[in-house]
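The structure appears right after this line, and notes come after that.
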Amino acid sequence: MNNSSIIEPQKELNVIDSYDVVVIGGGIAGVSAAVAASRNGAKTCIVEKECSLGGLATLGLVVIYLPLCDGNGNQVIGGLGEELLKLSVNNAPGDIPECWKNEASIEERKKERYQVTFNPASYTIALEKLVLENNIKLFYDTRYCNSSISNNNIKAVIVENKSGRSAIKCKMVVDASGDADVCYVSGEKTVSDNLNRKNAWFYSYSNVNNELKLHHLSEYPYIDFPAGSKTYAGDNYNDVSQLMIDGRKWIADKIDSLNKNNKDDFYPAIIPSIPQLRMTRRLNADFELDESDNNKSFKDTIGMTGDWRNSGPVFSIPYKCLIGNKINNLITAGRTISTTKSAWEITRVIPTCAVTGEAAGTACAVALQTNKTLFDINLSELQAKLAANNVILKQRKK
């Protein structure tokens with residue numbers, strides 16, 4: 001042993017509980033996966049390292065629920081993706097566009113995309129209420145650390161919290177960590193991105209106007225930025241810490257700028273409490289969804305998404321993007337699914353995370369009900385269950 005390493009003593013861990021489905025991560029993908037699994041009869045829990053649900057949507061103040069439509073008037077996301085959009089503005093600020101709330105012509109719907117802006121605090125509370133109403137156990141302030149693997153199955157996830165290090169036994173695991181943590185630790189092939197730029201969405205408050213205002217500070221896009229400019233890797237602890245520091249300094253500088261001519265009128269009201277990283281680490285499966293797959297159909301489609309940046313493109317998402325090659329009972333959801341860099345920018349957003357989360361949770365339930373691995377479940381049965389919950393598997397055109 002040298003000065004740069006130590007050996008941690010082996011110790012016996014207490015098993016604190018056992019679940020059919022353990023979901024790692026309580027962002028939008030994790031919530032969708034857990035709700036889908038529980039509604040399909042699986043005993044389910046969520047392991048969340050923070051103390052609130054919603055991830056970037058709430059703690060990260062990314063408060064735009066991007067479109068459920070293709071920009072040409074056609075809805076492409078239903079199911080939990082639509083349910084969670086409606087939940088975000090239920091008894092809270094924000095509203096669904098009239099042309100999508102009520103019946104309307106395709107020409108009317110072409111004029112406005114099916115998206116909303118929501119209040120993060122309201123949504124945090126609403127998500128927790130939804131999860132608890134669906135009999136899902138919440139482990140807050142609990143971080144996934146490792147997987148106990150036997151015969152290519154995760155038998156238990158190792159977690160750590162204020163009570164120490166312990167194990168949760170599981171039959172199925174959904175990696176909704178946002179960083180492919182479970183895939184990486186469990187030996188599935190992953191790929192990382194170190195080109196994240198500085199972000200600092202925040203709310204300011206004005207004493208004079210009594211105004212709460214959202215600011216979008218973002219060094220974006222990720223291409224064509226000056227050589228040598230600062231980028232951040234989401235799977236590097238130094239970069240994550242520095243992003244938080246740099247983002248808060250940026251907020252302070254912005255407030256100073258606002259106050260130059262306003263005599264300390266503005267001050268920061270709400271700032272992000274987690275790193276606003278867009279893309280960190282993802283599964284690298286045999287198949288990667290690519291931007292060139294626009295309007296391509298797949299036999300194993302589990303949902304669809306549009307392109308939030310452009311009107312027109314529609315992407316079917318195949319089940320094979322959610323599973324690796326090694327672990328029989330591990331599936332991923334959210335921004336960690338297997339895509340190329342170009343498609344990652346499309347699939348990392350809130351509505352698509354809900355789509356893949358619902359598919360992952362439902363797949364776990366189907367596997368349990370039929371005593372199959374996630375590699376050999378009946379895809380027609382999975383698709384039928386998704387369609388029964390109004391998941392759109394084939395574009396509906398008026």
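For the single chain, residues carry numbers from 1 onward in sequence order. FYI, side chains are in, hydrogens and waters are out, and symmetry mates aren't considered; it's all heavy atoms of this structure.
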Check whether the side chains of [X] and [Y] place a donor and an acceptor atom closer than 3.5 Å, and report yes or no.
X: T332; Y: D175; value: no
X: Y267; Y: N259; value: no
X: S38; Y: N135; value: no
X: D265; Y: S206; value: yes
X: S186; Y: S147; value: yes
X: T373; Y: D376; value: yes
X: Q242; Y: Y237; value: no

V116/D95 under side-chain contact (heavy atoms from CB on, under 4.5 Å): CA gap, chis, key distance, verdict: CA-CA 6 Å; V116 299; D95 203 5; over 6 Å; no
Counting N and O atoms only, with roles assigned by atom type, does the side chain of [X] sit under 3.5 Å from a partner on the main chain of [Y], one being a donor and the other an acceptor?
X: Q115; Y: L66; value: no
X: D20; Y: K171; value: no
X: N40; Y: A37; value: no
X: Q383; Y: K299; value: yes
X: S177; Y: D181; value: yes
X: T356; Y: T352; value: yes
X: E211; Y: K213; value: no
X: D307; Y: P313; value: no
X: N284; Y: V191; value: no
X: R281; Y: D179; value: yes

Does [X] [atom1] have over 12 foreign heavy atoms under 6.0 Å away?
X: K110; atom1: NZ; result: yes
X: K249; atom1: NZ; result: no
X: Y184; atom1: OH; result: no
X: N91; atom1: CG; result: no

I'd like to know if [Y] and [X] are part of one continuous hydrophobic network [Ile/Leu/Val/Met/Phe/Trp/Tyr, side-chain heavy atoms within less than 4.5 Å].
X: L84; Y: I392; result: yes
X: Y140; Y: I168; result: no
X: L13; Y: Y19; result: no
X: I154; Y: I158; result: no
X: Y203; Y: L217; result: no

Step-by-step side-chain contact (heavy atoms from CB on, under 4.5 Å) determination, K49 to Y144: CA-CA 8 Å; K49 63 184 179 181; Y144 164 81; over 6 Å; no
Aromatic W344 / basic R282 pairing, under 6.0 angstrom, 45° off normal: yes
Within 45° cone of Y114 ring axis and under 6.0 Å: R109 NZ or CZ: no
side-chain contact (heavy atoms from CB on, under 4.5 Å) evaluation trace for V47 with V23: CA-CA 6 Å; V47 174; V23 179; over 6 Å; no
Could you check whether [X] pairs with [Y] (Lys NZ or Arg NE/NH1/NH2 to Asp/Glu carboxylate O, under 4.0 Å)?
X: D193; Y: R278; result: no
X: E133; Y: K129; result: yes
X: K198; Y: D246; result: no
X: D17; Y: K43; result: yes
X: E188; Y: K326; result: no
X: K86; Y: E83; result: no

Heavy-atom pair of closest approach, residues [X] and [Y]:
X: M304; Y: V355; result: O-CG2, 3.8 Å
X: Y65; Y: L80; result: OH-O, 4.3 Å
X: V157; Y: C170; result: N-SG, 4.3 Å
X: V22; Y: K169; result: CG2-O, 4.1 Å
X: H215; Y: S204; result: NE2-OG, 2.7 Å
X: P67; Y: I77; result: O-CD1, 4.3 Å

C51: side chain to side chain contact (heavy atoms under 4.5 Å, CB included) partners, not counting sequence neighbours: D141
CA sep, side-chain torsions, deciding dist, call: T370, N378, side-chain contact (heavy atoms from CB on, under 4.5 Å): CA-CA 9 Å; T370 57; N378 186 316; over 6 Å; no
Point-to-point distance, once rounded to the nearest 0.5 Å, from OG1 of T280 to CG of N236: 12.0 Å
Side-chain heavy atoms of V35 within contact of I136, under 4.5 Å: yes
N161/R143 under side-chain hydrogen bond (donor to acceptor under 3.5 Å, both in side chains): CA gap, chis, key distance, verdict: CA-CA 7 Å; N161 54 28; R143 183 177 288 271; over 6 Å; no
Aromatic plane relationship, F298 with F287 - under 30° parallel, 30 to 60° tilted, over 60° perpendicular: perpendicular
Members sharing I125's hydrophobic cluster (side chains within less than 4.5 Å): none
All side-chain hydrogen bond (donor to acceptor under 3.5 Å, both in side chains) counterparts of D286, not counting sequence neighbours: none
